J.: 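Before I ask anything, let me first share the structure, which is written out below as structure tokens.
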Amino acid sequence: MHQRTEQPGPGSRPTLHELVRQLSACMLRDQRGLRVRLQKVQEMLRARRPAERLLAQIGVEVKRSREWRARRQAQLPRPVFPGELPVVQKKAEIAKAISENQVIVLCGETGSGKTTQLPKICLELGRGVGGMIGHTQPRRIAARSVAMRIAQELDSPLGQVVGYKVRFADKLSENTYVKLMTDGILLAETQGDRFLEQYDTIIIDEAHERSLNIDFLIGYLKQLLPRRRDLKVIVTSATINPEQFSRHFGNAPIVMVSGRTYPVEVRYVPIGGQEDDPDEDEPTLQDAIVGAVDELEREGRGDVLVFLSGEREIRETAESLRTHEAKGSEILPLYARLSTEEQMRVFQSHSRRRIVLATNVAETSLTVPGIRYVIDPGYARISRYNTRTKVHRLPIEAISRASADQRKGRCGRLAEGICIRLYSEEDFNSRTEFTDPEIRRTHLAAVILQMMALRLGTIQDFPFLDPPDYRAIRDGYQTLHELGAIDEQNELTEVGWKLGKLPIDPRVGRMILAAREEGALEEVLIIASALSVQDPRERPMERQQEADLAHAKWRDASSDFLSFVKLWEWYHERAKELSTSKLRKACKENFLSFVRMREWNDIHGQLVGLVREMGGEGK
DNA sequence: AATTAGCCC
């Protein structure tokens, strides 16, 4: 360590070989770049060209990176674990599996504590030093709230030891060991960090949800693993098909962790099954739900969660329950388009029995607290792209067994529960085991474009868990042809590269590129960004006419798109003059979601910036 | 006439 191979003195600098040896003590994200530059020095020396200055520069950076890593090593947090959680009881087994394998699959039910404790187990193993522990969540709220919880448990302010990054918001620092993010963010980061060298460990949480992002990441990681032998990957999943993940990663070990839930009794009550009066009208879903609510009322107190397929069905069911349930249970609708305020009512305490009428938000995104009973009619709207007709649709379909069990699991977190399925057991058994993953149901143009922009090879060769259908692939290529994104050889064109840089559907992106030539860029940017956020116009169930009236001032007789432009102008005139709180109030009075208006504005700003960067006219 | 929910460069 103290040997000096060159002349001693204040100017003494490490040699090329010393620096090469020191690379492994640097942060992972610096190693590759530094190695390349050191190779350049070696070539220069061989060619007998002077390289001292470059070597000195690299030396400074190596030192900085080594010191950074040493500091992280020294300050590595020592987590404490709450004893009661199931995942903590299996801590040793999990830690051993992680140490001995590059990939493991952790299978844990709700309430197992996997999401919060797993990153801490990784820290205890000394991971997170040379690179962060990256931890993905399917939703932004989850990424933030999980970050907050882990930060609390590690007794560190959010953004220090534990940070997060979601679109348009992050809280991270040089000292961050655990980074929560949406899976979309990690995927986006592959563009600038192809080897994901910010991380020494990656946790893909809720992988059973099988969104496009998750499937893409799982395939990406599979390709990356042989090139990043030091990277550890943990895939976590509910007990839905963990074997498939395991097989995909060369029979990675599966660690099972129990949840903390109570047993749920399942009753099959097919619609009209118990009625045989031929004079009666055909029994409806509404009758069946009312019947089930009555049946559950006889079971004792407790809130009920009913899964429905859409807003209209919720409204109808609310009406039939209100006319029927004179005793006055509290009936609450719950779906994503509801304003935050209205959604929050689900979390407020209450005295009367509550019946929550929810869409699939309640299956994954939102956990309704205090539910003792579930009523499951067994249907949901599922998006499907039809390659033959080239149309996206949202048909109501029978849900899979896995989905039905997920719904069932929404009660029984507090005490024993009952789940009434409004179909027969034979019906249940005849259903598909799992919901089709999104990659099998969606339009593939965006996926193919993204893969080409990342130079991931062809979609046919990519290691997907479930490869998409051949016809869907062909259709995706065809769309890209029509957009002018690829040429006859299926290579990306200049337009294609540009579309790949825009974080929106390539068809919408193409509108923007065309608008630059047509002199309509300003309007089209407003419309394009509007198309990629949820509609900010709110229509609360009890005040729909009022809302429609407020929205009417932006209506354009010729085009819904131009309504967006009018609304945009209305908002920005006020945004210029009003304080934030007054603007928020103006939004509320006009039945607009302030949060979504801001998101629209943020996306718009992002697109404006990217279009400007593209520069140049035309093409 | 009618639409679930989620995400990003």
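Lettering of chains follows the sequences in order, A, B, ..., and the numbering in each one begins at 1. As the structure is a computational prediction, the values presented were derived from the model and not from experiment.
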J.: Is the base of B/dT4 touched by the side chain of A/Ser383 through a donor-acceptor pair closer than 3.5 angstrom?
T.: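 Checked by distance alone, the answer is yes.
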
J.: When the nearest nucleotide of DNA chain B is assigned to A/Gln450 and to A/Glu311 on a heavy-atom basis, which residue is associated with the more 5' position?
T.: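 Looking at the nearest nucleotide for each, A/Glu311 comes out on the 5' side.
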
J.: When you measure from the side chain of A/Gln606, which nucleotide among B/dA5, B/dC9, B/dC7 comes out closest?
T.: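 Nearest to the side chain of A/Gln606 among the choices is B/dC9.
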
J.: Compute both the distance and the angle, then confirm whether A/Arg543 meets the cation-pi test with A/Phe591: under 6.0 Å from the six-membered ring centre, within 45 degrees of the axis.
T.: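 No - A/Arg543 does not lie over the ring of A/Phe591 by the 6.0 Å and 45° rule.
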
J.: Could you tell me the separation between the NE2 atom of A/His443 and the P atom of B/dC7, rounded to a whole number of Å?
T.: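 For the pair A/His443 NE2 and B/dC7 P, the rounded distance is 22 Å.
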
J.: Is the phosphate of B/dA5, meaning OP1 or OP2, less than 4.0 Å from a side-chain N or O of A/Ser211?
T.: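 It does not, given that no N or O in the side chain of A/Ser211 lies less than 4.0 Å from OP1 or OP2 of B/dA5.
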
J.: Please give, in whole Å, the distance from B/dT3 C1' to A/Ile314 CD1?
T.: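 Atom-to-atom, A/Ile314 to B/dT3, this comes out as 12 Å.
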
J.: Return the value, rounded to whole Å, for the distance between atom CD1 of A/Ile185 and atom P of B/dC7.
T.: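 Value for this atom pair: 11 Å.
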
J.: By nearest heavy atom, map A/Arg167 and A/Ser309 onto DNA chain B; which one lands nearer the 5' end?
T.: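 The answer here is A/Ser309.
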
J.: Of the options B/dC8, B/dA5, B/dC7, whose atoms approach the side-chain atoms of A/Asn213 most closely?
T.: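 Side chain of A/Asn213 sits closest to B/dC7.
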
J.: In whole Å, what is the span from the CD atom of A/Glu206 to the P atom of B/dC7?
T.: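 Atom-to-atom, A/Glu206 to B/dC7, this comes out as 13 Å.
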
J.: Round to a whole Å and report the spacing from CZ of A/Arg381 to P of B/dG6.
T.: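 These atoms are roughly 16 Å apart.
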
J.: Round to a whole Å and report the spacing from CD1 of A/Ile603 to P of B/dC8.
T.: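 From A/Ile603 CD1 to B/dC8 P: 9 Å.
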
J.: Remember a base hit wins even if backbone is also touched, and classify A/Gly500 as base, sugar-phosphate or nothing at under 4.0 Å, heavy atoms.
T.: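 If one applies the 4.0 Å heavy-atom cut-off, A/Gly500 turns out to touch a base.
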
J.: How close or far is atom P of B/dA1 from atom CZ of A/Arg393, stated in whole angstroms?
T.: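 For the pair A/Arg393 CZ and B/dA1 P, the rounded distance is 16 Å.
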
J.: So does A/Asp170 pair up with A/Lys179, basic N to acidic O under 4.0 Å?
T.: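 No, this pair does not count.
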
J.: Should the pair A/Arg381-A/Glu313 be classified as a salt bridge under the 4.0 Å nitrogen-to-oxygen rule?
T.: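 Not counted as a salt bridge, because no side-chain N and carboxylate O are separated by less than 4.0 Å.
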
J.: Should A/Ser365 be listed as having a side-chain N or O under 4.0 Å from OP1 or OP2 of B/dG6?
T.: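 Checking A/Ser365 against B/dG6: at least one side-chain N or O falls below 4.0 Å of OP1 or OP2.
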
J.: Of the nucleotides B/dA5, B/dT4, B/dC8, which has the atom closest to the A/Leu394 side chain?
T.: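 Of the candidates, B/dT4 comes closest.
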
J.: Side-chain donor-acceptor pair under 3.5 Å between A/Glu206 and A/Ser237, yes or no?
T.: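 On atom types as modelled, these side chains do not qualify, holding no pair under 3.5 Å.
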
J.: For A/Leu217 and B/dC8, give me the distance from atom CG to atom P, rounded to whole Å.
T.: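 These atoms are roughly 12 Å apart.
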
J.: Please pick, from B/dC9, B/dC7, B/dA5, the nucleotide with the shortest atom-to-atom distance to any side-chain atom of A/Leu610.
T.: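 Output: B/dC9.
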
J.: Closer than 4.0 angstrom, basic N to acidic O: yes or no for A/Arg210 and A/Asp215?
T.: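 Between A/Asp215 and A/Arg210 there is a salt bridge, with a charged N closer than 4.0 Å to a carboxylate O.
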
J.: For A/Arg312, which contact category applies under a 4.0 Å heavy-atom criterion: base, sugar-phosphate, or nothing?
T.: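 Contact class for A/Arg312: none.
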
